[in-house]
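What you see is a predicted model; the values in this text were computed from it and never measured. Heavy-atom basis, side chains included; hydrogens, waters and symmetry copies ignored. Counting convention: from 1, in listed order, for ligands and their atoms alike.
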Amino acid sequence: MKMETTSNADFTDETLTQAVLKAFAMTPDPRLRQIMTSLVEHLHTFVREVEPTSHEWESAIDFLTRTGQTCDETRQEFILLSDVLGVSMLMETIKDEAAPEATESTVLGPFHMTESPQRELGDSIDLVGTGMPCVVTGRVLSMGGSPLAGAGVDVWQADERGFYDVQVPDAQPAGNGRGLFTTDDDGRFWFRTVVPSHYPIPTDGPVGSLLDHTGRHPYRPAHIHFLVSADGHEPLTTHIFVADSPYIDSDAVFAVKRSLIVEFTEENDADVAAWYGVGVPFRHARFDLTLPVAMTTADHPNQTTTTPKSLTS
Ligand code: BEZ
Ligand code: FE
């Protein structure tokens, strides 16, 4: 004799989604409830649409397992996955809509893993001295244009061959291509470096294999990273991109914004070169960074006062 159907069994394709949504409906934290509801709805829609085979489902689980296993103290393959899927930049772009006057933000990337050495304004972050000399100058401003004195300007970049110091410890001293500067009374910063090269994101893990299987290249256009902080302001994570760099129109992590593309002009004025302590010719990049004013918890519509325990333990 057939058992009587209970309300918690024998789900059909249509009723299963509703049952899972109902199971999460009593989640005490309203934000976690919203997140889980939306996640279930989108995941179930995805499975209905794609109808993965068992083999495909196992491959997906295996891919995510390997992605986790590739992570360690210094490598975060899940963030890299988020980067190549465009999710990291979608997060940044949505966040930027709250402060349209501020400099646009970008992904942090995996190479901000060591502390940048404190340097004086005008110092060189190039400890090797083989590339085309380059001077980077600019100001840190608040929204409205007032200069921010004493702001922290943390910079890091690849060298002229496309490597960060941590990738080639035998070829570059630690701290090469990195510096932590403090703006002067007019909010100004300036430092010497070399023009960085474009380079590939790490391809030796599951994300690299995903790019390979989908016919995508792994390259990022040449750029210099900035992490800027000042009292009373939100920190800003961004890059400037070298205007004529290869891959400027096809960044593997979708981080290029028109407003962040900067001409690294060639300069031949010997007096200006001498002032900065470089020879001629040198390249000069000029870029101001505008920080959003600090938000209160009330300004973040989705911010809960506590992180749900279920997401951290
Ligand atoms: C980077 O620019 O350092 C970077 C950003 C995202 C993924 C990989 C590298
Ligand atoms: Fe980078």
Side-chain angles (χ1 to χ4, degrees), residues 67-68 70-93 95-96 103-116 125-126 128 131 134 136 153-169 171-172 174-180 191 193-212 214 216-228 235-257 259-262 264 285 287 289:
T67 299
T70 307
C71 297
D72 60 25
E73 292 287 287
T74 55
R75 179 156 181 177
Q76 233 304 348
E77 194 77 357
F78 272 115
I79 296 182
L80 198 61
L81 179 59
S82 159
D83 293 342
V84 302
L85 291 177
V87 177
S88 306
M89 274 311 294
L90 182 58
M91 299 266 301
E92 297 295 334
T93 304
K95 190 185 71 185
D96 284 353
T103 299
E104 291 187 277
S105 55
T106 60
V107 293
L108 179 70
F111 297 116
H112 188 255
M113 68 224 314
T114 62
E115 238 172 65
S116 298
I125 63 170
D126 168 38
V128 180
C134 176
V136 180
V153 180
D154 190 351
V155 297
W156 66 105
Q157 67 166 82
D159 68 3
E160 72 281 5
R161 292 180 310 135
F163 293 107
Y164 286 85
D165 57 350
V166 289
Q167 292 178 292
V168 283
Q172 290 186 36
N176 189 49
R178 298 178 193 271
L180 178 55
F191 61 89
T193 182
V194 289
V195 180
S197 170
H198 58 283
Y199 65 83
I201 64 170
T203 53
D204 56 343
V207 170
S209 125
L210 175 68
L211 294 182
D212 196 31
T214 52
R216 286 181 54 187
H217 74 71
Y219 286 95
R220 301 216 57 214
H223 57 270
I224 301 177
H225 294 263
F226 289 82
L227 177 50
V228 189
L236 169 72
T237 305
T238 196
H239 315 7
I240 58 173
F241 292 91
V242 180
D244 52 6
S245 172
Y247 305 105
I248 200 85
D249 293 322
S250 63
D251 183 1
V253 303
F254 309 98
V256 178
K257 304 270 186 183
S259 69
L260 302 177
I261 300 177
V262 175
F264 282 53
F287 192 72
L289 298 142

Separation between [atom1] of [X] and [atom2] of [Y], rounded to the nearest 0.5 Å:
X: Leu85; Y: Leu80; atom1: CG; atom2: CG; result: 9.5 Å
X: Leu236; Y: Asp154; atom1: CG; atom2: CG; result: 12.0 Å
X: Gln157; Y: Asp126; atom1: CD; atom2: CG; result: 8.0 Å

Identity and distance of the protein heavy atom lying nearest [atom]:
atom: atom 4 (C) of ligand 1; result: Pro110 CD, 3.4 Å
atom: atom 5 (C) of ligand 1; result: Gly109 CA, 3.3 Å
atom: atom 1 (C) of ligand 1; result: Tyr199 OH, 2.7 Å

Considering the heavy atoms of [X], write down every atom of ligand 1 situated less than 4.0 Å from one of them.
X: Ile201; result: 7 (C), 8 (C), 9 (C)
X: His225; result: 1 (C), 2 (O), 3 (O)
X: Phe111; result: 3 (O)

Exercise. Using a distance-only test with no angle check, is there a side-chain donor-acceptor pair under 3.5 angstrom linking His239 and Thr106?
Worked result: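 Side-chain D/A pair, His239 to Thr106: present.
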Exercise. How does Leu80 reach ligand 1, if at all, at less than 4.0 Å between non-hydrogen atoms: by side chain, backbone, both, or neither?
Worked result: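 For Leu80, the contact with ligand 1 is made by the side chain alone.
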For this session: Specify side chain, backbone, both or neither for Phe254, according to which of its non-hydrogen atoms lie closer than 4.0 Å to ligand 1.
Result: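 Neither part.
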Exercise. Do any nitrogen or oxygen atoms of Asp83 lie less than 3.5 angstrom from nitrogen or oxygen atoms of ligand 1?
Worked result: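 Between Asp83 and ligand 1, no N or O pair is found under 3.5 Å apart.
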For this session: Would you mind telling me which of Asp96, Thr237, Thr238 makes a side-chain hydrogen bond (donor to acceptor under 3.5 Å, both in side chains) with Ser105?
Result: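 The passing option is Asp96.
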Exercise. Got an N, O or S from His223 under 2.8 Å of the Fe ion (ligand 2)?
Worked result: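 Yes, His223 qualifies, because one of its backbone or side-chain N, O or S atoms lies under 2.8 Å.
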For this session: Tell me whether Tyr164 has at least one N, O or S atom under 2.8 Å from the Fe ion (ligand 2).
Result: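 Short answer: yes, at least one N, O or S atom is under the cut-off.
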For this session: Could you walk me through whether Ser259 and Glu104 pass the side-chain hydrogen bond (donor to acceptor under 3.5 Å, both in side chains) test, one step at a time?
Result: CA-CA 7 Å; Ser259 69; Glu104 291 187 277; 2.6 Å; yes
Problem set entry | Electrostatic pair Asp251:Lys257 at N-O distance under 4.0 angstrom |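 The answer is no: the pair does not qualify as a salt bridge.
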For this session: On the 0 to 90° scale, with breaks at 30° and 60°, tag the His223-His225 ring pair as parallel, tilted or perpendicular.
Result: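 His223 vs His225 ring planes: perpendicular.
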For this session: Measure the distances from the heavy atoms of His223 to every atom of ligand 1 and state whether one is below 4.0 angstrom.
Result: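 Yes, His223 has heavy atoms under 4.0 Å from ligand 1.
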